[in-house]
There are 2 protein chains.
Amino acid sequence: MLTETVALLDEHGEAGLNFRALAGRLGGGVGSIYWYVSSKDELLDRASDHVLADVLAAVAEVGGGDPVDDLRTIAVTLFDAIVDRPWLGAYFMRNTLVQPNALRLFETLGQQALRLDLTARQRFHAVSAVVGFVVGTAADLGQEPPAEVLSGEVDRDEYLAATVEQWRQLDAEAFPYLHEIADEFEAHDDTDQFRAGLDLLLAGLRLQAGG
Amino acid sequence: MLTETVALLDEHGEAGLNFRALAGRLGGGVGSIYWYVSSKDELLDRASDHVLADVLAAVAEVGGGDPVDDLRTIAVTLFDAIVDRPWLGAYFMRNTLVQPNALRLFETLGQQALRLDLTARQRFHAVSAVVGFVVGTAADLGQEPPAEVLSGEVDRDEYLAATVEQWRQLDAEAFPYLHEIADEFEAHDDTDQFRAGLDLLLAGLRLQAGG
DNA sequence: ACCTGAACACCGTTCAAGT
DNA sequence: ACCTGAACACCGTTCAAGT
């Protein structure tokens with residue numbers, strides 16, 4: 001059932017997942033899904049954990065190098081997985097009681113932090129910050145472009161172009177920052193942007209751990 | 001209309017906002033809302049920007065001190081606003097074409113970054129990282145507790161208690177990190193956690209800007 | 001130009017009934 | 001123990017009709 005859920009999600013996005021379509025795929029009635037799962041939220045909790053097994057497998061060997069670098073490797077792997085499947089962002093670690101893989105991934109991140117000279121509280125904060133940054137950033141990037149722009153259908157590129165154009169129209173005296181970064185924004189790559197932010201966070205962590 | 005939308009959101013949460021209830025409040029028909037707004041998403045885009053005016057007013061005087069500290073002040077103010085109204089997280093800066101206040105707040109953050117010795121790209125990445133971290137972390141904290149835990153209704157405290165209990169039941173050899181932080185998690189304060197993470201990010205930024 | 005509200009299409013969820 | 005699918009309650013959105 002989780003496999004079919006993920007397949008539907010991959011093919012038609014979060015909006016394409018509904019119980020009627022899922023039941024059809026499984027060759028059963030709508031009601032039978034409720035025998036295995038108590039709600040759509042729980043289905044997505046479990047589906048996201050199901051998919052997380054791949055992330056876990058990909059980082060199984062991580063742990064031998066510099067702790068901060070290993071933290072970065074795991075974070076980037078998780079980030080890529082959420083960019084691939086944006087619905088992951090909303091459900092990852094939402095309820096670890098039914099998400100053993102999320103818990104294992106959290107532990108794996110934490111084990112890198114265990115190798116840093118930090119207090120327990122600092123470690124807790126550091127790992128939480130990394131997870132928060134990864135999930136928050138990835139979820140932001142995975143957003144559908146707003147449908148209300150202009151009239152008719154607008155794709156992501158057109159929305160971004162309209163945004164830069166808006167920035168350039170602003171008064172340069174009142175908006176010096178937006179003017180400065182308009183070029184950057186136009187040429188920006190989401191993954192670069194994520195990595196740059198993650199590097200800032202990890203640089204701060206390294207400093208806290210004593211270099 | 002935006003004021004009534006926000007009032008409904010504040011009183012009954014995101015789930016309590018629907019066009020029938022809103023039309024009732026406004027003393028009109030459901031259809032008339034579509035004269036002012038093309039979809040529910042646009043309504044929420046505009047409502048979130050409406051509310052952001054308060055944040056903007058609160059940070060109007062910021063800018064005289066240390067740039068990194070000023071960045072922190074603005075970030076904390078935004079964080080508090082999203083914790084207060086979790087639906088803000090999903091709509092903040094989603095479509096700046098209809099969100100002038102979000103744009104101004106982004107500019108205000110950016111102007112602090114302008115006072116740091118950074119390249120335009122670094123500034124863009126830094127401000128994006130701060131916003132991503134704030135929104136991601138606040139949105140995560142604002143989540144409803146999963147309803148599927150155990151049977152019956154469970155509030156946030158019970159869910160957190162069940163989570164710590166789960167961690168303590170895990171094998172201590174295989175999950176050293178979760179065991180170590182169980183106590184921290186039990187006593188943790190969301191705002192402290194956010195500030196600690198933000199400080200790591202800002203420490204990294206300060207380092208990049210040359211101390 | 002602005003509003004009305006019935007109607008439409010589509011949801012998640014329930015439940016009496018089956019096997 | 002597990003499944004069925006009609007029915008329910010509740011959505012966002014549309015649109016012909018009004019003023």
Side-chain angles (χ1 to χ4, degrees), chain A residues 1-50 86-88 90-91 94-95 98 143-154, chain B residues 1-50 86-88 90-91 94-95 98 143-154:
Chain A
M1 185 168 80
L2 296 181
T3 309
E4 283 304 331
T5 301
V6 172
L8 261 172
L9 252 7
D10 285 344
E11 287 166 35
H12 304 104
E14 193 163 359
L17 177 73
N18 62 67
F19 277 36
R20 274 161 254 263
L22 181 58
R25 282 251 199 173
L26 295 168
V30 250
S32 63
I33 298 170
Y34 284 91
W35 186 257
Y36 300 95
V37 122
S38 70
S39 70
K40 192 181 182 182
D41 268 338
E42 187 185 330
L43 176 67
L44 277 155
D45 283 343
R46 293 187 189 275
S48 70
D49 210 58
H50 184 70
W87 48 274
L88 254 184
Y91 290 94
R94 202 185 79 99
N95 180 7
V98 298
Q143 275 186 40
E144 298 283 312
E148 71 241 35
V149 204
L150 313 170
S151 47
E153 288 301 296
V154 175
Chain B
M1 185 169 81
L2 296 181
T3 308
E4 284 303 330
T5 301
V6 172
L8 261 173
L9 251 8
D10 284 344
E11 288 166 34
H12 304 103
E14 195 163 358
L17 177 73
N18 63 67
F19 278 36
R20 274 160 254 263
L22 181 59
R25 283 250 199 175
L26 295 168
V30 252
S32 63
I33 298 169
Y34 284 90
W35 186 257
Y36 299 96
V37 121
S38 71
S39 69
K40 192 180 182 182
D41 267 339
E42 187 184 331
L43 176 67
L44 277 154
D45 283 344
R46 291 187 189 275
S48 70
D49 211 57
H50 183 71
W87 48 274
L88 255 183
Y91 290 93
R94 202 185 78 99
N95 181 9
V98 298
Q143 276 187 39
E144 299 284 312
E148 71 241 36
V149 203
L150 314 170
S151 48
E153 288 300 296
V154 175

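By convention in this document, chain letters (A, B, ...) are assigned in the order of the sequence lines, proteins followed by strands, and residues within each chain are numbered from 1. Only this structure's heavy atoms are used, side chains among them; waters, hydrogens and symmetry mates stay out.
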**OP:** Tell me which of B:Arg20 and A:Lys40 sits closer to the 5' end of DNA chain C, going by the nucleotide each one is nearest to.
**Re:** B:Arg20
**OP:** Only counting residues at least two apart or in another chain, list the ones meeting side-chain hydrogen bond (donor to acceptor under 3.5 Å, both in side chains) with B:Asn18.
**Re:** none
Subject >> Donor-acceptor contact below 3.5 Å, side chain A:Lys40 vs main chain A:Leu17 >> reply: yes
To the nearest 0.5 angstrom, please state how far the [atom1] atom of [X] sits from the [atom2] atom of [Y].
{"X": "A:Ile33", "Y": "A:Leu43", "atom1": "CD1", "atom2": "CG", "answer": "7.0 Å"}
{"X": "B:Asp45", "Y": "B:Arg94", "atom1": "CG", "atom2": "CZ", "answer": "4.0 Å"}
{"X": "A:Asp49", "Y": "A:Leu44", "atom1": "CG", "atom2": "CG", "answer": "12.0 Å"}
{"X": "B:Asn95", "Y": "A:Gln143", "atom1": "CG", "atom2": "CD", "answer": "10.0 Å"}
{"X": "A:Phe19", "Y": "A:Thr5", "atom1": "CZ", "atom2": "OG1", "answer": "8.0 Å"}

Subject >> Where chain A begins and ends its contact with DNA chain C, read 5' to 3' at 4.0 Å from heavy atoms >> reply: C:dC11 to C:dT14
**OP:** Would you classify A:Leu17 as touching base, sugar-phosphate or nothing, given that sugar-phosphate means primed atoms plus P, OP1 and OP2, and contacts are heavy atoms under 4.0 Å?
**Re:** sugar-phosphate
**OP:** Scan B:Gly28 against the nucleic acid and name what it touches under 4.0 Å (heavy atoms): base, sugar-phosphate only, or nothing.
**Re:** sugar-phosphate
**OP:** Take A:Tyr91 and A:Asp41, measure what side chain to side chain donor-acceptor pair (under 3.5 Å) needs, and give me the verdict at the end.
**Re:** CA-CA 8 Å; A:Tyr91 290 94; A:Asp41 268 338; 3.0 Å; yes
Subject >> Pairwise P distance for D:dA17 and C:dC2, with rounding to whole Å >> reply: 22 Å
Subject >> DNA chain D: stems of at least 3 consecutive Watson-Crick or G-U pairs whose donor-acceptor distances fall under 3.5 Å >> reply: C:4-8 with D:12-16, C:12-16 with D:4-8
